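The structure appears right after this line, and notes come after that.
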Amino acid sequence: MAASRQPPFCHVELGGAVAVAGREPLEAAPEGLEAVFPREVGLFADDFPEETCFSFCGHVLTIAQHHGGRLGVAAPVWEAALTLCKYFEKQKLDFRGKKVIELGAGTGIVGILATLLGGDVTITDLPLALEQIQENVHKNVPAEHSARAKVCALSWGLDHEEFPRDYDFILGADIVYLKDTYPLLIKTLQHLCGPHSTIYLSSKMRQEHSTDVFYEALLPLHFTSELAYRDENENINIYRVTSKQNS
């Protein structure tokens, strides 16, 4: 990660309350050239760090997000990830003794929560996102449980065969948004999903990205899929997906 030139700030989200800290108000802009080129050179840094605290299942998670051009969409915590975490809480899902993999993890919040709920979790994304994920694992997973949270690179459709087929749970939050990647994701899920695996996919249903086409036309060709939960306000669906061998 590029070094930041400004202090991180923190949103704390507990029970809907949000507090912001770590940034002082900017002084009035001076006239002349300094009005065009602000003295705050950190504004031009590649890395704008933010920390957000979330509470799920009795755990408070402190999640770093390194906004900037390098990480792009991998940097923030997306609402679909929070919806999936809330679903775990509502359903009281128990990951103890279960083998879990998260795809396209971004910040790693979903996989980290699954680890804290007892899972043996492999948290994956493209190589550029791994440093952010590893930082969040260190922040949130106690040292005595760190062996249960592995961070690995996984490029869909390319190196998925380096991973086993016997995962109990396969998790993904807001990973269905680029049509060109849909066949690669299907191929990866086919490899990872054994006869007793359960896949949970949480997605913002973006019409412009044909997300509905993936879930309604493409996914059912290869898997048994059902809508497990829908958030009407956020337009987010959670699908429970299993191998057709279970049908």
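These numbers were taken from a predicted model, which means no experiment stands behind them. For reference, positions follow the sequence shown, starting with 1.
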Parallel, tilted or perpendicular for Y200 and F169, by the 30°/60° rule? parallel
Between the side chain of Q65 and the main-chain N/O of V77, is any donor-acceptor distance below 3.5 Å? yes
Test applied, side chain to side chain contact (heavy atoms under 4.5 Å, CB included); reference residue, C193; option that passes from T242, I199, V241: I199
Would you please name every residue forming a side chain to side chain donor-acceptor pair (under 3.5 Å) with N136, sequence neighbours left out? none
Between S225 (side chain only) and P220 (backbone N and O only), is there a donor and an acceptor less than 3.5 Å apart? no
Distance-only check: which donor-acceptor pairs under 3.5 Å involve side-chain atoms of residues 227-237, not counting sequence neighbours?
{"from": "R230", "atom 1": "NE", "to": "E232", "atom 2": "OE1", "distance (Å)": "3.4"}
{"from": "R230", "atom 1": "NE", "to": "E232", "atom 2": "OE2", "distance (Å)": "3.1"}
{"from": "R230", "atom 1": "NH1", "to": "N235", "atom 2": "OD1", "distance (Å)": "3.2"}
{"from": "R230", "atom 1": "NH1", "to": "N237", "atom 2": "OD1", "distance (Å)": "2.7"}
{"from": "R230", "atom 1": "NH2", "to": "E232", "atom 2": "OE1", "distance (Å)": "3.4"}
{"from": "R230", "atom 1": "NH2", "to": "N235", "atom 2": "OD1", "distance (Å)": "2.8"}
{"from": "D231", "atom 1": "OD1", "to": "N233", "atom 2": "N", "distance (Å)": "3.0"}
{"from": "D231", "atom 1": "OD1", "to": "E234", "atom 2": "N", "distance (Å)": "3.0"}
{"from": "N235", "atom 1": "ND2", "to": "M205", "atom 2": "O", "distance (Å)": "2.9"}
{"from": "N237", "atom 1": "ND2", "to": "Y239", "atom 2": "OH", "distance (Å)": "2.9"}

Extract all donor-acceptor atom pairs below 3.5 Å that involve side chains of residues 92-99 and protein atoms in other chains or at least two apart in sequence.
{"from": "D94", "atom 1": "OD1", "to": "R96", "atom 2": "N", "distance (Å)": "3.0"}
{"from": "D94", "atom 1": "OD1", "to": "R96", "atom 2": "NE", "distance (Å)": "3.0"}
{"from": "D94", "atom 1": "OD2", "to": "R96", "atom 2": "NE", "distance (Å)": "3.0"}
{"from": "D94", "atom 1": "OD2", "to": "R96", "atom 2": "NH2", "distance (Å)": "2.7"}
{"from": "K99", "atom 1": "NZ", "to": "D166", "atom 2": "OD1", "distance (Å)": "3.2"}

Side chain to side chain donor-acceptor pair (under 3.5 Å) partners of residues 178-190, not counting sequence neighbours, each pair once: Q190-H222
Using atom types as modelled, flag every donor-acceptor pair under 3.5 Å from a side chain in residues 155-164 to any protein atom, sequence neighbours excluded.
{"from": "D159", "atom 1": "OD1", "to": "S155", "atom 2": "N", "distance (Å)": "2.7"}
{"from": "H160", "atom 1": "ND1", "to": "G157", "atom 2": "N", "distance (Å)": "3.4"}

Mind listing the closest non-hydrogen atom pair of I170 and S197 along with its distance? CD1-CB, 4.4 Å
Nearest heavy-atom contact between A173 and V110 is CB-CG2, 4.2 Å
On a heavy-atom basis, the closest approach of I123 and A105 is CG2-CB, 3.3 Å
List the steps and the verdict of side-chain contact (heavy atoms from CB on, under 4.5 Å) for R206 and D174. CA-CA 10 Å; R206 299 180 178 89; D174 236 347; 2.8 Å; yes
Results of side chain to side chain donor-acceptor pair (under 3.5 Å) for E208 - residues two or more places apart only: none
Candidates Q134, E131, Q132 - the one meeting side chain to side chain contact (heavy atoms under 4.5 Å, CB included) with V151: Q134
Applying side-chain contact (heavy atoms from CB on, under 4.5 Å), run through L219 and I186 and close with a yes or a no. CA-CA 7 Å; L219 191 65; I186 289 290; 3.7 Å; yes
Is it the case that the side chain of S202 and the backbone of A80 share a donor-acceptor pair, with hydrogens and angles ignored and the cut-off at 3.5 Å? yes
Looking at R148 and T115, would you say the former's side chain and the latter's main chain have a donor-acceptor pair under 3.5 Å? yes
